[in-house]
Amino acid sequence: MQRKFRLTRSEDFKRVRRSGKSYAHPLVVLIVQKNDQPRLKIGIAAGRTVGTAVYRNRAKRLLREAMRTLIPSIVSNLDLILIARPGLASATLEDARQALLTLLQRAQILTPIHE
RNA sequence: CAGGUCGGUUGGGCGAUCGCGGUCCUGUGUUUACGGGAUCGAGGAAAGUCCGCACUCCAUAGAGCACGGCGUCGGAUAGCACCCGGGGCGGGGAACCCUCCGUGAGGAGCUAACCUGCCGGACAAGGGCCACAGAAACAAACAGCCACCCUUACCCCCAUCCCCUCUUCCACUGGGAGAGGGGCGCAGGGGUGAGGGGGUGAUGGUGAAAAGGUGGUGUAAAAGACCACCGGCAUCUGCAGUAAUGUGGAUGGCCAGGUAACCCCCGCCGGGAGCAAGGCCAAGCAGGGACGAAGCCGUCUGCGGACGGCGGGAGACUGCUCGUCUUCAUACGUACCCUUUCACACGGUGAUUGGGUCAGUCCCGGGUAGGCCGCACCGAGCGGCGCGGCAACGCACCGCCCAGAGAGAUGAUCGCACAGUGGCGCUUUGGCGUCAUGGACAGAAUGCGGCUUAUAAACGGACCUGAGGU
RNA sequence: GGUCCCGUGGUGUAGCGGCCUAACAUGCGGCCCUGUCAAGGCCGAGAUCGCGGGUUCGAAUCCCGUCGGGACCG
């Protein structure tokens, strides 16, 4: 997942987390917020409850890799935040992809072709 | 060969596909953006933050106080408390041998290499504390022992005196002398006890610790009071060593507890904060400053106003004028802000004095967020090799430029070999085959040095002990 | 990046280097009380003082290291 899809500004994180709509899964939490600009921005977070730095990094890598293949099938003009949960560090890539897929379907932000 | 100890290196390999980040070159494109190529892309601990620096800002005449840290010697270093090499005192440390215990299996001790803790001052700066036990916890007292002196009590001996008996003499109711026995018992002598003065210094025991230990001399009783040996200390001194120190010699007196990881004293070191340090920047805001006006006419009108012209204010363009352009305009009040004085129903109200503000333009201008730099590095740099040194480390030569940062890039899948683990089969018990499983601890964020902690496995060394062979 | 605090029965806390073989409350178990429960009374169990070293005659306490948890500042 390239940097241009990344949500970076601290201000944006606060805005999305405050007023976005969240969907939970045992492995990951998704927060969705509409954006004015016609592009997709995704932020990824892993708190201290996930584990040490090694496990936090692994969780974020899994989320990025799983999200990379899903980006073309997501509606634009959205800001997303993915928050890792403790079980994610020991999960496989396929687990993460399935978790994201169910969350995106529940949030109904997949493009109609992929529905 | 067996056992033990120590430190070193690596810390998963190769290939394919998909994917991520930095730098450089480059293509399309007005920028954003979309590509292509090359190259680089976590660690020995990146961790903990226990120390020491670099660097930056702030503060700063000099010195001191307070506070904190350190404290054997020498070395290394930019610097360091934990680095290197030594010294002293302790603790640990396998097997064999040896010693002890045990009927025995065995256990304990001794011990090599080695590991490890501590290191100024408690013999004079001072204070505090040392539970329980004990007479007493540091300075004397109490109990105890004792020649001597004083007082006193008792016992023994006993002069003299008194009584009785016997012998003998005389001048004979008596007297003298002598012997024996008994009684009171002074002075005196001896002994015992008590009290006081004085001497003595650690015993029986207590305790972690009680004023060196053993043996003797000595004494009223004792004690290093004296002697011999041993142990420690101080002073002087020989030798070895840079030194700490070691090892001898002489002399001296036993000066008299522990605790400074209690306060403290001595010596040395330390100004404070930290890359979110700190520097720069576009725009905007808070704030500050300068200049600062004036309306008139026409058209439309839903009568609020809108538009146009002339004139006016501020600014820009310019060296100046002209000119052009941008922009603003009437709200001046019983308004608002500050202020002086006075009154009252006094956190306020009213009156009053003086000053300022009002449209707009221009200039100065923060802090935070944002962007750029710091910051990806020619450096206490990395890798070789050589020399010096026991080593830490230093020097010389050659080669290299080697991650970066931002909400934070190293991942995923597959295959092949390599160890490891487990199952099954074969087997000469060493291994072979096959199938599964499966790769430690852990992720840079300004950089560096040391320390500490976590760590599967592999490789290769050094030293010591024992046994056997040559 | 920096600073600080806390680890003691199941839980929450006390605890001058020696009365610590560790106290209090609550919880737990047993008995009494009551027709029964609660409350109350009596008795009892329950602690390697996070871990490892050291100083000291003696450590929960002092020092060092380490592990875990937490708070704060920019």
Side-chain angles (χ1 to χ4, degrees):
Chain A
M1 191 174 76
Q2 290 174 316
R3 268 192 75 76
K4 58 178 182 179
F5 295 116
R6 213 70 67 70
L7 188 67
T8 58
R9 293 176 56 90
S10 183
E11 196 65 26
D12 296 337
F13 261 84
K14 285 181 190 164
R15 180 174 50 79
V16 174
R17 294 210 55 167
R18 190 173 50 244
S19 52
K21 186 162 174 51
S22 68
Y23 303 89
H25 184 273
L27 294 180
V28 69
V29 176
L30 170 72
I31 303 179
V32 182
Q33 165 74 13
K34 270 202 167 24
N35 196 359
D36 305 336
Q37 290 157 356
R39 68 177 50 160
L40 186 64
K41 286 281 197 183
I42 302 166
I44 294 181
R48 276 213 308 173
T49 54
V50 175
T52 55
V54 176
Y55 298 108
R56 293 200 296 272
N57 278 343
R58 164 145 188 93
K60 290 195 277 190
R61 281 169 188 148
L62 279 177
L63 287 181
R64 277 198 297 270
E65 179 65 20
M67 208 58 193
R68 183 174 63 85
T69 56
L70 295 173
I71 282 177
S73 53
I74 297 178
V75 180
S76 244
N77 67 22
L78 284 177
D79 283 345
L80 307 180
I81 291 182
L82 301 173
I83 301 175
R85 284 186 151 180
L88 186 63
S90 52
T92 64
L93 178 64
E94 197 51 39
D95 294 340
R97 190 175 288 131
Q98 288 303 321
L100 284 182
L101 210 56
T102 52
L103 283 178
L104 292 175
Q105 285 169 354
R106 280 172 53 195
Q108 299 177 348
I109 55 176
L110 290 174
T111 49
I113 307 140
H114 294 83
E115 277 290 344

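A quick note: this is a predicted structure, and the numbers were derived from the prediction, not measured. Here is the naming used below: chain letters follow the sequence lines, and residue numbers restart at 1 for every chain.
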Q: A45(A) has a side chain; which of A444(B), A407(B), U410(B) sits nearest to it?
A: A407(B)
Q: Taking the chi torsion of G238(B), is it syn (within 90° of 0) or anti (everything else)?
A: anti
Q: Taking atom P in both G389(B) and U77(B), compute the distance separating them and give it to the nearest angstrom.
A: 16 Å
Q: Using purine N1 to pyrimidine N3 plus N6-O4 or O6-N4 for Watson-Crick, or N1-O2 and O6-N3 for G-U wobble, each under 3.5 Å, what pairs with G323(B)?
A: C317(B)
Q: Is the glycosidic torsion of G224(B) within 90° of 0, making it syn, or is it anti?
A: syn
Q: Using a 90° cut-off around 0 for syn, call A14(C) syn or anti.
A: anti
Q: Measure from CZ on R61(A) to C1' on A442(B) and round the result to the nearest Å.
A: 12 Å
Q: Taking atom C1' in both A417(B) and G443(B), what distance in whole Å separates the two?
A: 29 Å
Q: Report the residue (T92(A) or A53(A)) whose heavy-atom-nearest nucleotide on RNA chain B is the more 5′ of the two.
A: T92(A)
Q: Please give the distance between the C1' atoms of U437(B) and G22(B) as a whole number of Å.
A: 39 Å
Q: Roughly how far apart, to the nearest Å, are G75(B) and A81(B) at atom P?
A: 15 Å
Q: Can you tell me, in whole Å, how much space there is between the C1' of A380(B) and that of G449(B)?
A: 9 Å
Q: Whole angstroms only, please: what is the CG-C1' distance between N57(A) and A412(B)?
A: 16 Å
Q: Checking base pairs now: Watson-Crick or wobble, both atom distances under 3.5 Å. What partners C145(B)?
A: G199(B)
Q: Provide, to the nearest angstrom, the distance between the CG atom belonging to L62(A) and the P atom belonging to G411(B).
A: 11 Å
Q: Rounded to the Å, how far apart are L80(A) CG and A407(B) P?
A: 19 Å
Q: Give the nucleotide from the list A42(B), A412(B), A407(B) with an atom nearest to the side chain of R58(A).
A: A412(B)
Q: With a 4.5 Å heavy-atom cut-off, do H25(A) and L30(A) have their side chains touching?
A: no
Q: For C307(B), give its Watson-Crick or G-U wobble partner with both distances under 3.5 Å, or none.
A: G298(B)
Q: Any chance OH of Y23(A) has more than 12 other-residue heavy atoms, nucleotides or ligands included, within less than 6.0 Å?
A: yes
Q: I81(A) CD1 to A407(B) P: how many Å, rounded?
A: 14 Å
Q: Please name the pair of heavy atoms, one in A66(A) and one in L100(A), separated by the smallest distance, quoted to 0.1 Å.
A: CB-CD1, 3.7 Å
Q: Would you mind reporting whether L80(A) and I109(A) have side-chain heavy atoms less than 4.5 Å apart?
A: yes
Q: Looking at U421(B), which nucleotide sits across from it as a Watson-Crick or G-U wobble partner, both distances under 3.5 angstrom, or is there none?
A: A436(B)
Q: Looking at C448(B), which nucleotide sits across from it as a Watson-Crick or G-U wobble partner, both distances under 3.5 angstrom, or is there none?
A: G52(B)
Q: Syn or anti for C266(B), with syn set at within 90° of 0?
A: anti
Q: After noting the C-alpha distance and the side-chain angles of V50(A) and K60(A), does the key distance pass the side chain to side chain contact (heavy atoms under 4.5 Å, CB included) rule?
A: CA-CA 10 Å; V50(A) 175; K60(A) 290 195 277 190; over 6 Å; no
Q: Take atom C1' in G2(C) and the same atom in G272(B), then report the distance between them in whole Å.
A: 14 Å
Q: Are any of T52(A)'s side-chain N or O atoms less than 4.0 Å away from OP1 or OP2 of G443(B)?
A: yes
Q: Using whole Å, what does the distance between atom P of nucleotide G21(B) and atom CD of E65(A) come to?
A: 12 Å
Q: Roughly how many Å is it from NZ in K60(A) to C1' in G406(B), rounded to a whole number?
A: 12 Å
Q: Between A76(B) and A391(B), how far apart are the C1' atoms? Round to whole Å, please.
A: 10 Å
Q: Rounded off to whole Å, could you give me the CZ-to-P distance for the R56(A) and G411(B) pair?
A: 17 Å
Q: Using a 3.5 Å distance criterion without hydrogens, assess whether the side chain of R85(A) forms a donor-acceptor pair with backbone atoms of V29(A).
A: no
Q: List the atom of L27(A), the atom of A91(A), and the distance in Å for their closest heavy-atom pair.
A: CD1-CB, 4.3 Å
Q: For A24(A), is there any backbone N or O sitting under 3.5 Å from a side-chain donor or acceptor partner on R106(A)?
A: yes
Q: Which nucleotide, if any, forms a Watson-Crick or G-U wobble pair with C34(B), using both distances under 3.5 Å?
A: G27(B)
Q: Determine the interatomic distance between P on C51(C) and the same-named atom on G270(B); round to the nearest Å.
A: 41 Å
Q: What does G180(B) pair with, Watson-Crick or G-U, if both distances are under 3.5 Å?
A: C164(B)
Q: Sort out the partner of A293(B) for me: Watson-Crick or G-U wobble, both distances under 3.5 Å, none otherwise.
A: none
Q: Syn or anti for G27(B), taking syn as within 90° of 0?
A: anti
Q: On the nucleotide C18(B), are OP1 or OP2 found under 4.0 Å from the side-chain N or O atoms that R68(A) carries?
A: no
